[in-house]
Amino acid sequence: MRFVITILLGAALLANPLAGPAAAQTGGKAIPTTTLSLGTATPGGGFPLYGNAFAEVMNAADPQITIAPRNTKGSNENIPLLEKGELDLALVAGEPAYGAFAGIGRAPVRLKILTAIYSNPGMFVVRADSPYKTIRDLVGQPVAFGAKGSGLPILARYVLDGLGLKQDEDFKAIYLDRAGDGPAMVEDGRVAALWGAGIGWPGFAAVASGASGARFIAPSTEEITRIRAKHAFLKPLTVPAGSYPKQAEPIASLGSWSFVLTREDLPDDVAYRLAKTLHGVEATFCKQLAQACETTASNTVAAAPKPELIHPGVMKYFREIGVVK
């Protein structure tokens, strides 16, 4: 839904860049508000979990903003929806964002970064009683690579390509209609492994909490070196011990950062206000959702492929708080 300023609200609306036809009640007075649509992904995955928490925290922090999460097919649908102005904000995984900004296989997008949300160390999960211990062990096996249209299969494709493997030829690749379907497929043996990414990712948590328990399979140190030699934009990342049930040791892997992107014409003052609100409640957001502890201004600056990809309104706020010069 495109951001709209309605002249019927008169001068009070024009003085407030976030004003819209809805109104919040504060002290008995109606305050003009606006609704911003936020694209997430299919139910059961990490993006809806994060997006719903993001909206809840932001809406509570600023009554003049209403962020409305919307389930989509994931990153690959969110990008064109932003370009068409059918979404105001959307969660997009690092690999699709990288390809869209770089113009790989398409014209470069003119979308902007509102914030980096969390890092995505990629890995497989198998049942703890399975015979699989390395990525090579999974060759020829049925593997669920994530939901259709999400960024997870794209991350897997880069990782496997760096090892000389083809996702759709060397594995019996399965793409899910719903991200939440994967854990049950691991548990009942329909797939040998589920690919996923991130800290606190629901699919991994579900398998690890199951009756059979979980074993995680990530690239080895030597494999990480090989992958990065071909795809340098993938960064070494670590899943801290205790991120999942019975995970006693940290897991070294690699991946990228996911983002909240904005449509190209989101006004600077709106982006500024969103950034100021978000980073003013970093501690609250972190308490509500473990993944959100990585949603910081400094991480956004570090994760952006180029500084100019960060929304100008966000950069204005970052300069005010000294995160950038």
Side-chain angles (χ1 to χ4, degrees), residues 41-50 74 93-95 118-148 150-160 162-163 165 167 170-221 223-224 227 234 236-256 258 290-291:
T42 60
F47 275 6
L49 179 69
Y50 182 96
E95 290 69 38
Y118 52 68
S119 58
N120 284 292
M123 54 188 184
F124 296 94
V125 66
V126 300
R127 284 173 40 157
D129 60 359
S130 80
Y132 312 110
K133 293 181 171 62
T134 69
I135 293 176
R136 290 284 173 182
D137 290 342
L138 294 171
V139 170
Q141 299 300 319
V143 174
F145 282 104
K148 301 171 185 176
S150 78
L152 287 175
I154 300 174
L155 172 58
R157 192 167 290 114
Y158 279 115
V159 169
L160 296 173
L163 299 175
L165 296 170
Q167 190 168 299
D170 293 312
F171 304 85
K172 296 175 183 176
I174 295 171
Y175 302 99
L176 306 172
D177 292 322
R178 291 166 48 95
D181 294 339
M185 297 175 73
V186 174
E187 185 64 29
D188 65 20
R190 280 176 286 166
V191 297
L194 171 66
W195 170 261
I199 297 167
W201 189 61
F204 286 163
V207 176
S209 300
S212 302
R215 178 189 303 120
F216 294 99
I217 299 175
S220 67
T221 301
E223 287 174 331
I224 289 174
I227 294 165
L234 295 176
L237 298 169
T238 300
V239 180
S243 296
Y244 297 102
K246 299 180 182 179
Q247 180 211 337
E249 301 293 333
I251 302 170
S253 188
L254 77 175
S256 62
S258 292
Q291 298 92 311

Please report the closest heavy-atom contact between [X] and [Y], naming both atoms and the distance.
| X | Y | value |
| --- | --- | --- |
| A205 | S209 | O-OG, 2.8 Å |
| P245 | A208 | CD-CB, 3.7 Å |
| I227 | Y158 | CG2-O, 4.3 Å |
| A193 | V126 | CB-CG1, 3.5 Å |
| A241 | A248 | CB-O, 3.4 Å |
| A197 | G122 | CB-CA, 3.9 Å |

Rounded to the nearest 0.5 Å, what's the gap from [atom1] on [X] to [atom2] on [Y]? Could you check?
| X | Y | atom1 | atom2 | answer |
| --- | --- | --- | --- | --- |
| I199 | Y118 | CD1 | OH | 10.5 Å |
| L254 | L234 | CG | CG | 5.0 Å |
| D181 | R190 | CG | CZ | 7.5 Å |
| D188 | M185 | CG | CE | 7.5 Å |
| L160 | Q167 | CG | CD | 6.0 Å |
| F145 | S150 | CZ | OG | 12.0 Å |

Donor-acceptor under 3.5 Å (E249 side chain, I251 main chain)
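Not a single qualifying donor-acceptor pair exists.
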
Measure from the side-chain N and O atoms of Q247 to the backbone N and O of P240, and report whether any donor-acceptor pair falls under 3.5 Å. yes

Exactly one of Q141, R215, R127 clears side-chain hydrogen bond (donor to acceptor under 3.5 Å, both in side chains) with Y132, and that residue is Q141

Any [X] side-chain heavy atom under 4.5 Å of [Y] side chain:
| X | Y | value |
| --- | --- | --- |
| V186 | V191 | yes |
| L237 | S253 | no |
| K148 | D177 | yes |
| L165 | I135 | yes |

Go through the steps for W201 and M123 under the test side chain to side chain contact (heavy atoms under 4.5 Å, CB included), then give the verdict. CA-CA 11 Å; W201 189 61; M123 54 188 184; over 6 Å; no

### Message
Under 6.0 Å between ring centres: does that hold for F216 and Y244?
### Response
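Between Y244 and F216, which both carry aromatic rings, the centre distance is below 6.0 Å.
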
| said: side chain to side chain contact (heavy atoms under 4.5 Å, CB included), that's the test. Do D137 and I217 meet it? Break it down for me. | reply: CA-CA 10 Å; D137 290 342; I217 299 175; 6.0 Å; no

Legend entry - side chain to side chain contact (heavy atoms under 4.5 Å, CB included) between L138 and F171, worked out: CA-CA 7 Å; L138 294 171; F171 304 85; 3.9 Å; yes

Next item on the list: Just do the side chain to side chain contact (heavy atoms under 4.5 Å, CB included) check on S258 and F47 with the steps written out, would you?
Entry: CA-CA 10 Å; S258 292; F47 275 6; 3.8 Å; yes

- Item | Residue K133 excluded, over 12 heavy atoms near NZ under 6.0 Å | yes

Hey, which of L152, L155, N120, V159 is the one that makes side-chain contact (heavy atoms from CB on, under 4.5 Å) with E95?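 Among the candidates, only L155 passes.
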
